[in-house]
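Because the structure is predicted, anything quoted here is derived from the model rather than measured. Values reported hereafter were calculated over all heavy atoms of this structure, with side chains retained and with hydrogens, waters and symmetry mates removed.
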Amino acid sequence: MSITHKPSDGRVPGQGSGPDAGQDPESKANGTENGGEDDLGAAGAQLSTQPVDTLASGPALGLVGWLRWMWRQLTSMRIALILLFLLSLAAIPGSLIPQHSDQLKVDAFKKAHPDISPLYSRLDLFHVYGSPWFSAIYILLFVSLAGCIVPRTWQFVGQLRARPPAAPRHLTRLPAYSTWHTDASPEQVAQAAQKALRGRRFRINASGTSVAAEKGYLREAGNLLFHVALFGLLIGFAWTSLNAASGGKLVVEGDDGFVNNLTQYDDFSGGTLYNADDLKPFGFTLDSFDDKYATSGPERGTALKFQANIHYWSGTSGKDAKKGAISTNHPLSIGGEKVYLISHGYAPVVTVRDGQGNVAYQGPVPFLPQDTNLTSTGVIKVPDALGKNGASDQLAFKGYFTPTGDLTRGPMSLFPGEVAPILWLNAYHGDLGLDSGIAQNVYQLDATHMKQFQLNTKTGVNGVALSPGDVMQLPGGAGSLTFNGVKTWASFSISHQSGNKLALVSGVIAILGLMGSLFIQRRRIWVRALPSEHGTLVEMGGLGRSESARIADELGDLIAQLQPDAPVRTTPDEPADTADEGGDEPGTARVPGASHAPDEPTTRTDDEGARP
């Protein structure tokens with residue numbers, strides 16, 4: 001008995017190195033070149049669903065031929081990979097350059113880079129994902145995948161419905177081959193082969209004493225599944241971009257909270273298919289904020305816990321509010337939207353009285369963190385203040401808040417937790433410019449039309465440091481400011497992304513399909529039993545889509561399974577028999593790079609790994 005596993009030189013036996021040598025390697029491995037009239041015929045055909053190039057050997061191309069050639073190039077795997085790579089490159093500017101979804105950052109970038117910004121604008125680099133060139137790559141990739149999936153699917157369905165092809169005339173020309181003589185009848189050999197192959201979950205096509213078997217259809221199914229999932233992934237990304245919206249809101253502890261309408265957002269960016277009219281009704285309030293920091297060691301000041309405790313409700317009534325918690329990387333779904341915790345900080349609570357003694361402002365004022373210890377800056381604007389003479393005299397206070405401050409070190413926090421809060425303020429009066437019609441940032445002060453109060457003139461420090469309970473008296477009886485205490489605030493991002501689930505499911509399916517495409521081998525095995533002068537001649541051959549020694553291993557296992565029903569004939573005077581054109585003597589096994597004695601166990605090694 002012999003198992004022949006022929007060395008691979010990139011060609012199937014019978015191939016030449018002439019003009020046809022540059023054909024698709026997959027077609028070569030299946031033996032379908034030269035119009036399918038090679039020695040393997042239909043037995044080596046259709047081991048994959050890759051389209052066959054019918055233009056390579058055709059006449060000179062006309063208009064229709066060129067169109068077909070361009071379509072074939074567009075739907076090829078090579079072009080799909082190139083387009084996927086270009087799409088990845090095209091997305092890089094969208095990650096590095098501010099996009100129109102955050103107009104404040106775009107404006108800041110244009111102000112900081114006035115020379116290069118006009119060029120970026122002409123190239124749509126501030127709106128990458130909606131630019132014509134990004135859309136063109138995206139659409140071409142869609143068309144390429146669709147043109148690849150549809151014909152492959154129909155071809156694969158046809159293969160599933162078809163029977164395994166009959167054995168080629170010369171089994172010796174297959175990559176894996178074995179032959180021996182036995183005293184069992186051809187019918188017994190065929191029945192034993194069918195039973196063994198069915199036990200190994202092969203699809204069987206028996207004809208007389210010949211058996212054709214095929215296995216590994218899940219390889220092509222995985223390949224198609226990967227392409228379909230990739231198509232779904234692109235659809236998910238596109239739908240997420242078109243039907244998406246996001247906005248931010250800073251909510252102070254114990255304040256009125258947030259209701260999901262456009263006027264409540266600090267900033268809002270809608271998608272092409274989702275805007276302010278599509279906002280779903282819900283709301284929430286911030287009850288408290290739990291923060292915890294490391295207090296010693298090299299990790300001192302590192303955040304250990306950030307959690308916003310809220311009450312939330314769905315609908316417009318605000319009834320049946322539920323308790324919830326939002327922490328870093330653990331958003332809360334409210335009304336079908338995702339609410340993320342972005343940041344947090346402190347809001348000093350102050351009471352401002354004007355020159356008439358009236359309370360002109362009272363409440364918390366959020367200050368924005370500037371460093372990891374939450375040294376924060378902020379502005380307190382009092383537009384309704386009156387002067388001592390009863391005329392309008394607007395007030396403003398600008399400065400720092402340090403949750404753990406030290407009067408000897410100035411406005412710099414030593415720890416992010418609220419241990420020794422200090423409010424450092426300068427004071428102004430005059431015109432805030434709110435009636436000019438120009439929008440102002442609530443966290444910045446335009447002091448163009450204001451005059452700074454002279455405080456602590458003896459020390460030369462034009463500001464005051466306040467601890468909770470302290471009062472700042474303004475010169476000339478212009479009013480006062482009382483530092484009542486501190487509240488926390490949290491910044492939330494409300495996000496609507498309807499395509500995330502589709503993208504996630506498609507990504508998981510794509511990985512499963514790719515695994516099937518990589519690790520499952522499509523292969524065929526033929527068993528033929530014919531009467532001869534020395535009993536029954538049994539021939540077995542195997543062909544895999546990818547050239548691998550595993551087909552020889554599987555053929556060897558199948559031979560071992562058939563031995564009880566078709567044992568090797570061991571007549572002493574049996575002459576040496578040459579199997580067809582293979583040239584191997586019975587009882588020998590030929591594997592690349594090794595030779596074996598007649599009854600020596602065969603060791604087979606892979607020529608090359610299985611390819612998708």
Side-chain angles (χ1 to χ4, degrees), residues 1-6 43 164-216 521 523-544 548-592 594-605:
M1 172 175 50
S2 68
I3 301 176
T4 302
H5 184 193
K6 300 180 180 179
R169 179 179 303 176
H170 303 293
L171 288 178
T172 55
R173 297 185 178 181
L174 294 175
Y177 172 76
S178 178
T179 181
W180 73 94
H181 286 87
T182 182
D183 291 328
S185 67
E187 290 76 11
Q188 292 175 331
V189 174
Q191 291 177 2
Q194 291 183 48
K195 180 180 179 181
L197 289 168
R198 284 197 178 96
R200 294 175 176 269
R201 298 188 300 277
F202 276 83
R203 292 179 61 188
I204 304 299
N205 179 23
S207 177
T209 58
S210 295
V211 180
E214 189 166 4
K215 188 179 181 181
Q521 185 185 25
R523 65 269 196 200
R524 289 170 179 163
I525 290 179
W526 291 274
V527 180
R528 186 161 55 199
L530 299 174
S532 69
E533 297 177 359
H534 309 289
T536 299
L537 174 65
V538 182
E539 289 185 293
M540 295 182 63
L543 176 66
S548 170
R550 285 186 296 176
I551 186 65
D553 293 340
E554 190 164 21
L555 197 66
D557 294 338
L558 185 61
I559 292 171
Q561 190 173 348
L562 288 179
Q563 284 304 300
D565 297 299
V568 178
R569 183 177 181 183
T570 56
T571 303
D573 58 350
E574 179 181 348
D577 188 47
T578 301
D580 289 2
E581 302 176 16
D584 289 329
E585 295 182 356
T588 65
R590 180 160 57 87
V591 181
S595 60
H596 305 278
D599 292 323
E600 183 181 355
T602 301
T603 303
R604 290 172 289 276
T605 58

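The heavy-atom pair separating Leu543 from Ile551 by the smallest distance is N-CG1, 3.9 Å. The nearest pair of heavy atoms linking Pro165 to Ala212 is O-CB, 3.2 Å. Between Leu174 and Pro168 the shortest heavy-atom distance is CD2-CG, 4.3 Å. Between Pro175 and Gly542 the shortest heavy-atom distance is CD-O, 3.5 Å. Annotation for Tyr177 and Leu171: closest pair CD1-O, 3.4 Å, computed over non-hydrogen atoms. Closest of all the heavy-atom pairs between Glu533 and Arg569 is O-NH1, 4.3 Å.
Note: Gln561 CD to Arg200 CZ = 5.0 Å, rounded to the nearest 0.5 Å. Here the CZ atom belonging to Arg528 is positioned 8.5 Å from the CG atom belonging to Leu537, to the nearest 0.5 angstrom. Here the CG atom belonging to Leu530 is positioned 10.0 Å from the NE2 atom belonging to His181, to the nearest 0.5 angstrom. Note that the OG1 atom of Thr182 and the NE2 atom of His534 stand 14.0 Å from one another [nearest 0.5 Å]. Here the CZ-CD distance, from Arg198 to Gln194, works out to 5.0 Å after rounding to the nearest 0.5 Å. Separating the CZ atom in Arg524 from the CG atom in Asn205 is a distance of 11.0 Å, to the nearest 0.5 Å.
Formation of a donor-acceptor pair under 3.5 Å by the Thr209 side chain with backbone atoms of Ala529 is found in this model. Side chain of Thr536 to backbone of Pro531: no donor-acceptor contact under 3.5 angstrom is found. When atom types are taken as modelled, the side chain of Ser207 and the backbone of Ser210 share no donor-acceptor pair closer than 3.5 angstrom. Of the possible donor and acceptor atoms, none in the side chain of Ser178 sits under 3.5 Å from a partner among the backbone N and O of Met540.
Put simply, the side chain of Lys215 reaches to within 4.5 Å of the side chain of Glu554, judged on heavy atoms.
Salt bridge Arg203/Glu214: absent, no basic N to carboxylate O contact under 4.0 Å.
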Task: side chain to side chain contact (heavy atoms under 4.5 Å, CB included) between Ile525 and Leu555, intermediate numbers included - done: CA-CA 8 Å; Ile525 290 179; Leu555 197 66; 4.0 Å; yes
